[in-house]
Amino acid sequence: RSYFPFDDIIDIRSFHNLNNLFADSIIGYGVHKFVHLINSLVDVYYYKFSYVGQLSFFHFPRTLPFGAHHGDDIQYVFNYAWEFEGIAIPLDHPDSFVVERMTRMWEQFAWTG
């Protein structure tokens, strides 16, 4: 019911829900199963990245970001050369505050676990 709330009719209103179904089946379920498998051997920590910025990988329609997707978080921690010709995200970029937050979060995790 959560993926098809419109009486099992699939139309344009279902696009977001179908996207979630696809993401949950391809990424979410495998990660969930792996975490439960490995959690008996090592500590595992989850976080969910949900920020939708100008640098998000998936655009729909072609120029507008459509949700946060697998791998979107890494570009705010590590430099992706293709976006700004090999330099870091500029301080005046609208998404630069996410770089600060992600860097601080990873630093705190490294120090405190």
Side-chain angles (χ1 to χ4, degrees):
R1 223 48 192 136
S2 65
Y3 295 115
F4 301 106
F6 306 112
D7 297 323
D8 297 329
I9 297 171
I10 299 175
D11 59 15
I12 192 66
R13 299 173 299 170
S14 305
F15 183 79
H16 185 72
N17 294 340
L18 288 171
N19 181 56
N20 289 339
L21 174 65
F22 183 76
D24 288 349
S25 65
I26 298 299
I27 302 295
Y29 182 74
V31 169
H32 175 75
K33 292 299 281 185
F34 177 74
V35 165
H36 284 279
L37 174 70
I38 200 73
N39 194 38
S40 62
L41 304 174
V42 297
D43 292 332
V44 178
Y45 301 91
Y46 266 117
Y47 77 91
K48 181 178 181 178
F49 185 82
S50 58
Y51 176 72
V52 181
Q54 293 181 2
L55 304 177
S56 293
F57 287 128
F58 182 67
H59 292 90
F60 179 81
R62 301 176 195 267
T63 58
L64 301 173
F66 183 80
H69 289 269
H70 181 70
D72 274 356
D73 56 340
I74 299 300
Q75 66 187 324
Y76 296 104
V77 180
F78 299 106
N79 182 21
Y80 276 12
W82 68 78
E83 186 67 35
F84 294 108
E85 299 177 13
I87 61 172
I89 295 173
L91 291 175
D92 61 345
H93 191 276
D95 294 339
S96 65
F97 75 95
V98 181
V99 173
E100 176 64 31
R101 287 184 185 175
M102 292 295 290
T103 303
R104 188 173 36 229
M105 182 182 80
W106 284 39
E107 178 189 28
Q108 285 298 311
F109 180 78
W111 280 105
T112 64

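Numbers here simply count residues along the sequence, with the first being 1.
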Would you give the length of the straight line joining atom CZ of R101 to atom CZ of F49, rounded to the nearest 0.5 angstrom?
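If we round to the nearest 0.5 Å, R101:CZ and F49:CZ are 10.5 Å apart.
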Interatomic distance, M105 atom CE to M102 atom CE [nearest 0.5 angstrom]
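Answer rounded to 0.5 Å: 4.0 Å.
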If hydrophobic clusters are built from ILVMFWY residues whose side chains come within less than 4.5 Å, do L41 and V31 share one?
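In one cluster with L41: V31, yes.
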Quick check on the hydrophobic clustering: are V42 and F109 connected, directly or via other members, by side-chain heavy-atom contacts under 4.5 Å?
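No, because V42 and F109 fall into different hydrophobic clusters, even though each may have its own neighbours under 4.5 Å.
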Could you tell me whether the side chain of Q75 and the main chain of D72 form a donor-acceptor pair under 3.5 Å?
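A pair under 3.5 Å: yes.
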Using modelled atom types and a 3.5 Å cut-off, is there a donor and acceptor pairing between side-chain atoms of S25 and backbone atoms of L21?
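Yes, S25 side chain to L21 backbone: donor-acceptor pair under 3.5 Å.
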For the residue pair [X] and [Y], establish whether any side-chain heavy-atom pair is separated by less than 4.5 Å.
X	Y	result
Y76	T103	no
F97	Y51	yes
F22	N17	no

Classify the angle between the aromatic ring planes of H32 and Y29 as parallel (below 30°), tilted (30 to 60°) or perpendicular (above 60°).
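Rings of H32 and Y29: tilted, as their planes differ by 30° to 60°.
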Give me the atom names and distance for the closest heavy-atom approach of N39 to V44.
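Of all heavy-atom pairs spanning N39 and V44, the closest is OD1-N, 3.7 Å.
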Closest non-hydrogen atom pair, L91 against S96:
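Closest approach of L91 to S96: O-OG, 2.9 Å.
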How far apart are the C-alpha atoms of Y47 and D73, what are their side-chain angles, what is the distance that settles it, and do they pass the side chain to side chain donor-acceptor pair (under 3.5 Å) test?
CA-CA 10 Å; Y47 77 91; D73 56 340; 2.3 Å; yes
